[in-house]
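Structure, as structure tokens:
These numbers come from a predicted model, not from an experiment.
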Amino acid sequence: MLQDKLQDPVVQAGWLHEHLKDPSVVILDCRFILGQPDVGRVEYDAGHIPGAIYLSLDSDLSGPKTEQGHGGRHPLPSVSAIEDLFSRIGIDEHTTVVAYDGVDMAMAARLWWMLRYVGHESVYVLDGGYAAWNKDNYPISTEILHREPRSFTANVQPDMLLTKHAVEQREATTPLLDSRAPERYRGDVEPLDSKAGHIPGAECFFYKNTLQADGTLKTKEQLQNHFGELLKQKHIIVYCGSGVTACVNLLALMRADRPDAMLYGGSWSDWSSYEDSPVATGDE
């Protein structure tokens, strides 16, 4: 299978171009802008990588929110909903999935993480996203492809996903990485959630610092230097605002030889939804 030849969590535009007509490769367009939920679909309709299928963060890659906000702003869909989604778009154990988005790989990384969470390891992110594809002047299409449904069966990897309680009970030596921008980590601003600040003990590791200036992922050596000594710890936990941009850090950690790093799914939007959750501000 193709995935046996791919050891990295990302693939290059040239590789994807070579495999455009491979029926075992499923391409997913995950372009999405927070606060403008229709823009990604509009961009997809205007032009996308040939054969790509569009998935929305809100309607496809997230489940229903609770009234109290517990579970976060982008809770994961149920396992049955995930199985239905991937079956409907023609993914099974014989397919290799490549996801891309328009900016900073966050939405594509969310899809990448979700598929790995339900046991599908042959999934990759297009390095640099749609911009990298266009930079090389590869073809685009407006044709909407409908793949034949297949039967996707989840094999959930529970160790990949943590709850608020598990984060509270973590060992003192376990690094907790906050993937949000420094000003949100410090609590200077909070445009989305009910409280400003961060989980006590968390370190600020802004997810965009794992990317090169052109939006591609930094090299393995650069990322190992970036994460430094924390790579030697037994466990690593990552969170962000709602469990989306943290997936870029998880992508980077996999390239840095820590594929076992865990996601706090509800992230800050879940943590801050509880009145009794402690909050830290400033730089730690």
Side-chain angles (χ1 to χ4, degrees), residues 1-11 15-16 19 22-30 52-57 59-64 71-72 74-101 105-126 147-163 166-167 217 234-240 242-267:
M1 296 180 70
L2 285 174
Q3 62 267 27
D4 295 332
K5 301 177 182 179
L6 300 173
Q7 302 301 318
D8 204 39
V10 300
V11 295
W15 183 94
L16 184 57
H19 291 84
D22 188 328
S24 70
V25 175
V26 177
I27 306 170
L28 301 179
D29 186 318
C30 301
I53 298 169
Y54 183 73
L55 294 182
S56 163
L57 173 65
S59 58
D60 296 310
L61 306 184
S62 301
H74 293 107
L76 287 174
S78 67
V79 172
S80 61
I82 292 174
E83 288 180 321
D84 289 345
L85 170 66
F86 294 144
S87 295
R88 174 169 54 82
I89 61 176
I91 296 174
D92 65 9
E93 69 273 20
H94 303 296
T95 55
T96 295
V97 178
V98 178
Y100 71 91
D101 59 29
M105 299 196 288
M107 309 304 159
R110 163 75 166 213
L111 182 281
W112 167 84
W113 184 91
M114 276 181 57
L115 269 169
R116 292 182 62 243
Y117 172 65
V118 292
H120 192 83
E121 295 185 355
S122 53
V123 54
Y124 306 89
V125 172
L126 177 60
R147 291 181 58 88
E148 287 294 320
R150 297 193 183 194
S151 179
F152 183 91
T153 302
N155 178 22
V156 175
Q157 308 297 304
D159 291 344
M160 292 176 58
L161 180 65
L162 297 184
T163 63
V167 173
L217 198 60
K234 182 179 179 181
H235 300 295
I236 301 171
I237 303 171
V238 185
Y239 77 94
C240 57
S242 62
V244 178
T245 59
C247 294
V248 180
N249 265 335
L250 292 169
L251 193 77
L253 282 162
M254 185 170 183
R255 176 172 268 189
D257 287 339
R258 286 304 302 265
D260 58 331
M262 299 171 285
L263 175 68
Y264 171 21
S267 287

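Note: Phe152 and Phe86 have perpendicular aromatic rings, judged against thresholds of 30 and 60 degrees for the angle between ring planes.
Ile236 has its side chain out of reach of Met262: every pair of non-hydrogen atoms, C-beta onward, lies at least 4.5 Å apart. With a 4.5 Å cut-off on side-chain heavy atoms, Val26 and Thr96 do not count as touching. At least one side-chain heavy atom of Met114 sits less than 4.5 Å from a side-chain heavy atom of Pro77. Put simply, the side chain of Val244 does not reach to within 4.5 Å of the side chain of Leu61, judged on heavy atoms. Two residues are said to be in side-chain contact when any heavy atoms from C-beta on lie closer than 4.5 Å; Val118 and Asn155 fail this criterion. Between Leu263 and Met160, the closest side-chain pair of non-hydrogen atoms is not below 4.5 Å. At least one side-chain heavy atom of Pro9 sits under 4.5 Å from a side-chain heavy atom of Met254.
His120 NE2 to Gln157 CD: the interatomic distance, rounded to the nearest 0.5 Å, is 12.5 Å. The distance from atom CG of Asp8 to atom CG of Leu251, rounded to the nearest 0.5 Å, is 8.0 Å. For the atom pair SG (Cys247) and CE (Met105), the distance works out to 12.0 Å, reported to the nearest 0.5 Å. In this structure, the separation between CD1 on Ile82 and CG on Leu76 is 6.0 Å, given to the nearest 0.5 Å. Going from atom OG of Ser151 over to atom CD1 of Ile91 covers 12.5 Å, rounded to the nearest 0.5 Å. Interatomic distance, Asp260 CG to His235 NE2, rounded to the nearest 0.5 Å: 8.5 Å.
Pairing each heavy atom of Leu85 with each of Asp60, the nearest pair is CD2-O, 3.5 Å. Closest approach of Arg147 to Val25, counting heavy atoms only: NH1-O, 3.8 Å. Across Leu217 and Ala252, no two heavy atoms sit closer than the pair CD1-CB, 4.1 Å. The two residues Thr95 and Gly90 come nearest to each other via the heavy atoms CG2-O, 3.6 Å. Taking every heavy atom of both residues into account, Pro64 and Pro75 meet most closely at O-CG, 3.4 Å. Looking at every heavy atom in both residues, Tyr264 comes nearest to Val167 through CG-CG2, 3.7 Å.
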With side-chain contact (heavy atoms from CB on, under 4.5 Å) as the test, would you mind laying out the steps for Ile53 and Asp29 before giving the verdict? CA-CA 6 Å; Ile53 298 169; Asp29 186 318; over 6 Å; no
Could you walk me through whether Leu161 and Tyr117 pass the side-chain contact (heavy atoms from CB on, under 4.5 Å) test, one step at a time? CA-CA 8 Å; Leu161 180 65; Tyr117 172 65; 3.6 Å; yes
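A donor-acceptor contact shorter than 3.5 Å is absent between the side chain of Asp101 and the backbone of Cys30. Between the side chain of Arg110 and the backbone N or O of Gly243 there is at least one donor-acceptor pair closer than 3.5 Å. Panel note: side chain Glu83, backbone Thr153; no donor-acceptor pair is recorded below 3.5 Å. Under a 3.5 Å cut-off, the side chain of Ser267 and the backbone N or O of Cys240 do form a donor-acceptor pair. Checking side-chain atoms of Thr245 against main-chain N and O of Ala106 turns up no donor-acceptor pair under 3.5 Å.
Shown are Ile27, Ile89, Leu115; of these, the side chain to side chain contact (heavy atoms under 4.5 Å, CB included) with Val97 is made only by Leu115. Applying the side chain to side chain contact (heavy atoms under 4.5 Å, CB included) test between Trp112 and each of Val10, Val125, Val98 identifies Val125 as the sole match.
Take Arg150 and apply the side chain to side chain donor-acceptor pair (under 3.5 Å) test, not counting sequence neighbours, and it matches Asp92.
Looking at Ser62 and His74, their side chains never bring a donor and an acceptor atom within 3.5 Å of each other.
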